[in-house]
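Data first, discussion second: the structure below is written as structure tokens.
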Amino acid sequence: MPSSSFPSSSPTSSPTRATDNLLELAQQMSPSKPPDVLRRIRRNIEARANEIQDNLSTLKRRITDYENQATTTARPKKQRKHNNRAADADDSIPNPQTIEDRTREKGRHFVVEALFLVDSDVFTVEEDEDFEPCEEFASDQNRIQGQLLQIKCYLPDDVKHLRTTTLISGAFIDGMSGQRSSTSNRLRVASLSKIVDDIKPFETSSSRFNAFAKLIGYQPGTPTREPYYSKLDAPILYDKWEGKKDLDSFLRGPILLKIHATIIRGPNGATGLFSGKSKRPSAKTVEKMYKIHRTSLGAILNAACLAIWMHSADTQLVEIGDETGINYRECQSYYLQCILNGLANNKAWAVDLIAYWDHILFPRC
DNA sequence: AGGTCTACTTATATCGTAGT
DNA sequence: ACTACGATATAAGTAGACCT
């Protein structure tokens, strides 16, 4: 590059020359000068100072311009992905990127309407073709088969047969954990004040324990048994709690409904829910994306477990609470079994449960 | 004690949508 | 077109596990 491109001469109004000028002017100031001359000199000094200030600002602005230009050219928009399942996928799979994106979205949807936690081996387990979903859920095998059946309902048809590949299982799991993170942040941070009246007790793990342990089923230890969390003696799950469990208000706790409204309608979704004025924002919401018009069983299970979690001392939304030891995945299965048993025996509380949720969450539908 | 790995949370930038 | 509101991807932050 020719040196002539970079003239070594200083700019016309370099700071040095301007400063020299200032010194000259300052030296002209002497007590013997008449007042009007002094005023003129002072105006000149001020003018020079302003000019210097302007030049400085211009230079600074130019520096930031150059910096921005430099960083945009040095760092192209395209950013590397952490792990590239699509690129690593088997060559026989067409459009792996699209498949990954679609599957990830199904994983997110699954967390909203089905189960927010599943057994880790559900993607690798052998499928039992004869499994009947209405059988007893108690055994591990049946529970996992039940989950698998559910997941297959959500997986895109053209992809179901690939469920054991890392492309599909990874994308689905990725979608699930992303949605869980978003949920945890929504409930404990972004919309906490819209769900509960007083956010103060939620500040720390121990303040949550002190304020809510009883509410979520904590049974203190006695000389003969360890303390534990009861799955049914948890007042938060009930619409009305009068000292003991009453199935007629089981899984109807107002917090539970608020939680689901918050998840499907965004951070403000819970406001006005019980006066028929639940906000339905114009923005893209989970409710619109997944076309949710009625309550799913999974939504109820999840809301129950999430209500317990958000009031618990646990610090992260994981399968087994880090402070309480509560197994939230097990809770889901347990409540599901409660409802299915109720339905099988035609119990009113179970039969009417979804209608109860629907008339609050989706009035006039 | 410190490094590295991993899983989870959080902040930010970007995009989309509907109402005005 | 503009604005408000949400969802998502990504990167950065954080804590614990495991190793040396």
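Order of the sequence lines sets the chain letters (A, B, ...), proteins ahead of strands, with each chain counted from 1.
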Do any N or O atoms from the side chain of A:Asp246 and from the backbone of A:Asp248 form a donor-acceptor pair under 3.5 angstrom?
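Present.
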Just how far, in rounded Å, is [atom2] of [N] from [atom1] of [X]?
| X | N | atom1 | atom2 | value |
| --- | --- | --- | --- | --- |
| A:Asp322 | B:dC8 | CG | P | 11 Å |
| A:Leu117 | B:dA7 | CG | C1' | 14 Å |
| A:Asp314 | C:dA15 | CG | P | 16 Å |
| A:Arg280 | C:dG6 | CZ | P | 14 Å |
| A:Gln316 | B:dT9 | CD | P | 5 Å |
| A:Lys106 | C:dT8 | NZ | P | 12 Å |
| A:Glu105 | C:dA7 | CD | C1' | 10 Å |
| A:Glu287 | C:dC5 | CD | C1' | 14 Å |

Identify each atom pair where a protein N or O and an N or O of nucleotides 17-20 of chain B are less than 3.5 Å apart, giving names and distance.
| residue | atom | partner | partner atom | Å |
| --- | --- | --- | --- | --- |
| B:dA18 | O4' | A:Ser282 | O | 3.3 |

Does the Lys NZ or Arg CZ of A:Arg180 fall within the cation-pi geometry relative to A:Phe116 - under 6.0 Å from the ring centre and within 45° of the axis?
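The answer is no; the distance or angle limit is not met.
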When you measure from the centre of the six-membered ring of A:Trp357, is the NZ or CZ of A:Arg294 under 6.0 Å away and within 45° of the axis?
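No - A:Arg294 does not lie over the ring of A:Trp357 by the 6.0 Å and 45° rule.
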Check the pair A:Asp233 / A:Gln219 against side chain to side chain donor-acceptor pair (under 3.5 Å), numbers first and verdict last.
CA-CA 9 Å; A:Asp233 290 328; A:Gln219 311 294 317; 4.5 Å; no
Tell me, yes or no, whether the heavy-atom count around A:Lys288 atom NZ, taken from other residues, nucleotides or ligands under 6.0 Å, exceeds 12.
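It does: A:Lys288 NZ has more than 12 such atoms within range.
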Just wondering, more than 12 heavy atoms not from A:Lys160 lying within 6.0 Å of its NZ?
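For A:Lys160, atom NZ is crowded (more than 12 foreign heavy atoms under 6.0 Å).
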Does a side-chain N or O from A:Arg108 land closer than 4.0 Å to OP1 or OP2 of C:dT8, or not?
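The answer is yes; a side-chain N or O of A:Arg108 sits under 4.0 Å from OP1 or OP2.
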Indicate whether OP1 or OP2 belonging to C:dG6 is found under 4.0 Å from a side-chain N or O atom of A:Asn268.
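It does, given that an N or O in the side chain of A:Asn268 lies less than 4.0 Å from OP1 or OP2 of C:dG6.
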Determine whether A:Leu215 and A:Tyr228 fall in the same hydrophobic cluster, where Ile, Leu, Val, Met, Phe, Trp and Tyr are linked whenever their side-chain heavy atoms lie under 4.5 Å apart.
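No.
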Contact summary for A:Ala270 and A:Thr262, nearest pair of heavy atoms:
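Heavy atoms of A:Ala270 and A:Thr262 come nearest at CB-OG1, 3.5 Å.
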Heavy atoms from C-beta onward define the side chain here; which of B:dT9, C:dA7, C:dA9 lies closest to that of A:Thr285?
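Among B:dT9, C:dA7, C:dA9, the one nearest the side chain of A:Thr285 is C:dA7.
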Using a strict heavy-atom distance below 4.0 Å, which residues from residues 173-193 of chain A are in contact with DNA chain C?
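Contacting residues: A:Gln179, A:Arg186.
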Pair A:Phe362 + A:His293: ring centers closer than 6.0 Å:
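Aromatic pair excluded; centres sit 6.0 Å or further apart.
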